[in-house]
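Notes follow once the structure below has been shown.
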2 protein chains.
Amino acid sequence: MKLSSRSRYGFRAILELAIDYGKGPLQIKTIAEREDISNKYLEQLISLLKSSGLVRSVRGPHGGYELTRPPAEVKLDDIFMTLEGPPISVECLEHPEHCPRCMDCVTRQVWAKMQSAMMGVLESLTLQDLVDKAKQGDSSDHYQI
Amino acid sequence: MKLSSRSRYGFRAILELAIDYGKGPLQIKTIAEREDISNKYLEQLISLLKSSGLVRSVRGPHGGYELTRPPAEVKLDDIFMTLEGPPISVECLEHPEHCPRCMDCVTRQVWAKMQSAMMGVLESLTLQDLVDKAKQGDSSDHYQI
DNA sequence: CTAATTTCCTACTGCTTCAGTAGTCTAACC
DNA sequence: GGTTAGACTACTGAAGCAGTAGGAAATTAG
């Protein structure tokens, strides 16, 4: 159950968009530099976010990407589902009719519990929460000598 | 984040061992038949469980496998870690020194939360819990007309 | 109109992991 | 000593990951 770098990079990228929300579009190469991600690869990841409607693009000079909604209205589960799909994806969770013993399958209940535990975390957080935490971390740096 | 069939099969197999705990060793082919898993593949999965100490083997005729401890003493996180490794494995969670920005990385905190949410579920359950649920499911079948 | 800038789209590639399959070897029991 | 189990190693097709590459299309500035 390794987390893909698609998710890791994707989250960091959209967090940059959240931090700069309201300041106009942010370009791929800017994000790529800040987060030290390959330009071309990041392009694909952001296009995922775009096709799911979380992000909007502006083409041409001074173009780039920006969030379609304010960070406070973007829950992390939307992002995760876009980049990674359902956490703990199992055939019998998504298509119960597929497995004949599904109804009384005990292990299935375990997967379901794990899945809802993860979703609980993701649903309880918004991009704004992350932005706040990030800024909080920044300001603590100012106290350094 | 798809759950591997290694975990799915492995859990179902060790659950069979838990159900028959105390009745002597259970053979690969028996488990394979009951759970409809390839004989040879199951062999490998059980050897994983064996090498982590959860399961013991008896060779020769009337041999097979059995749990080393009673089901009530086997927490699900032991099994999961053996079969699948840490849930949401990320380099920066296991080796924080690897990433320079780890200390104030906000996304890292999200992965950590998700991981502990999943571990919480797995640590709160034992094989005995699954056995009880499975038997409960069985007895409810008896009420069918 | 044109050139520059930026996103958009598709294809390709090396690598690793998954999900098995196959075959032989070793231990235990009768 | 033969049968019945597990033990161990190697191999394989398929899929997904993590990029790389290259050009097309849109937008803006001059």
Side-chain angles (χ1 to χ4, degrees), chain A residues 1-14 16-17 20 24-33 35-68 82-86 88-91, chain B residues 1-14 16-17 20 24-33 35-68 82-86 88-91:
Chain A
M1 296 258 301
K2 206 180 155 192
L3 190 68
S4 67
S5 63
R6 189 170 60 242
S7 296
R8 289 183 287 121
Y9 294 169
F11 261 86
R12 276 157 54 192
I14 202 172
E16 289 290 341
L17 295 185
D20 279 20
L26 203 55
Q27 293 180 6
I28 288 264
K29 66 176 178 190
T30 310
I31 303 174
E33 269 168 30
E35 294 291 341
D36 197 31
I37 304 172
S38 143
N39 224 296
K40 276 294 192 179
Y41 188 37
L42 182 59
E43 201 176 294
Q44 291 177 35
L45 305 186
I46 293 203
S47 97
L48 278 178
L49 296 170
K50 193 196 162 194
S51 60
S52 74
L54 292 167
V55 157
R56 152 176 59 229
S57 69
V58 181
R59 296 171 79 155
H62 306 108
Y65 296 89
E66 59 194 356
L67 291 180
T68 51
T82 299
L83 294 168
E84 192 79 29
I88 310 216
S89 152
V90 191
E91 194 62 25
Chain B
M1 295 259 300
K2 207 180 154 193
L3 190 68
S4 66
S5 64
R6 189 170 59 243
S7 295
R8 290 183 287 120
Y9 293 170
F11 260 86
R12 276 157 56 192
I14 202 172
E16 289 290 341
L17 295 184
D20 280 21
L26 203 56
Q27 294 181 7
I28 288 263
K29 67 176 178 189
T30 309
I31 303 174
E33 270 168 31
E35 295 290 341
D36 197 33
I37 304 172
S38 143
N39 224 294
K40 277 294 193 179
Y41 188 38
L42 182 58
E43 200 177 296
Q44 292 176 35
L45 304 187
I46 293 204
S47 97
L48 278 177
L49 296 170
K50 192 196 161 192
S51 60
S52 75
L54 291 168
V55 157
R56 151 176 61 227
S57 69
V58 180
R59 298 172 76 154
H62 307 107
Y65 296 90
E66 57 193 358
L67 291 180
T68 52
T82 299
L83 294 168
E84 193 79 29
I88 308 216
S89 152
V90 191
E91 195 63 24

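Below, each value reflects all heavy atoms present in this structure, side chains not excepted, and no hydrogens, waters or symmetry copies. In what follows, chains are A, B, ... by sequence order, proteins preceding strands, each numbered from 1.
- Taking atom CZ on A:R6 and atom C1' on D:dG16, their separation rounds to 8 Å, with Å as the unit.
- Within the structure, salt bridge (Lys or Arg N to Asp or Glu O under 4.0 Å) contacts touching residues 4-14 of chain A (residues at least two apart or in different chains) are A:R12-A:E35.
- Distance, A:L42 CG to D:dG19 C1': 12 Å, rounded to whole Å.
- Between A:L83 atom CG and D:dC17 atom P the separation is 12 Å, expressed in whole Å.
- Rounded to an integer number of Å, the gap from B:I31 CD1 to D:dG6 C1' is 12 Å.
- Scanning both residues, B:E84 and B:S4, for their nearest heavy atoms gives OE1-OG, 2.8 Å.
- Between the CD atom of B:Q44 and the P atom of D:dT9 there is a distance of 12 Å, rounded to whole Å.
- In terms of heavy-atom proximity, A:Q27 sits nearest to A:G63 at CG-O, 3.1 Å.
- Contact of B:R59 with D:dA7 (side chain to base): no donor-acceptor pair of N or O atoms is detected under 3.5 Å.
- Taking atom NE2 on B:H62 and atom P on D:dT3, their separation rounds to 15 Å, with Å as the unit.
- The residue among B:Y9 and A:S57 whose nearest nucleotide of DNA chain C is located toward the 5' end is A:S57.
- Contact annotation for A:K2: no contact, since no heavy-atom pair falls under 4.0 Å across all strands.
- Looking at A:M1 and B:L3, their side chains come closer than 4.5 Å, going by heavy atoms from C-beta outward.
- Toward the 5' end of DNA chain D, the nearer of the two residues A:S7 and A:G60, judged by each one's closest nucleotide, is A:S7.
- In this model, the phosphate group of D:dC17 is not approached by any side-chain N or O of A:Y41 to a distance below 4.0 Å at OP1 or OP2.
- Summarising the geometry, the separation between CD1 on A:I28 and P on D:dG19 is reported as 15 Å, rounded to the nearest angstrom.
- When side chains are defined from C-beta on, B:T68 does not count as touching B:V55, because their heavy atoms never get closer than 4.5 Å.
- Contact check for B:I28 versus B:N39: side-chain heavy atoms found under the 4.5 Å cut-off.
- Remark: the B:K29 side chain and the D:dG6 base include no donor-acceptor N/O pair separated by less than 3.5 Å.
- A 4.5 Å side-chain heavy-atom check between A:T30 and A:D20 finds every atom pair outside the cut-off.
- On the nucleic acid side, DNA chain C contacts chain A at distances under 4.0 Å to non-hydrogen atoms, with the end points of that region at C:dT5 to C:dA11.
- Residue A:E43 is classed as a base contact, given a heavy-atom separation below 4.0 Å to a base.
- Going from atom CG of B:L48 over to atom C1' of D:dA7 covers 13 Å, rounded to whole Å.
- Comparing B:K40 and A:S5 by the nucleotide of DNA chain D whose heavy atom lies nearest to each, the residue mapping closer to the 5' end is B:K40.
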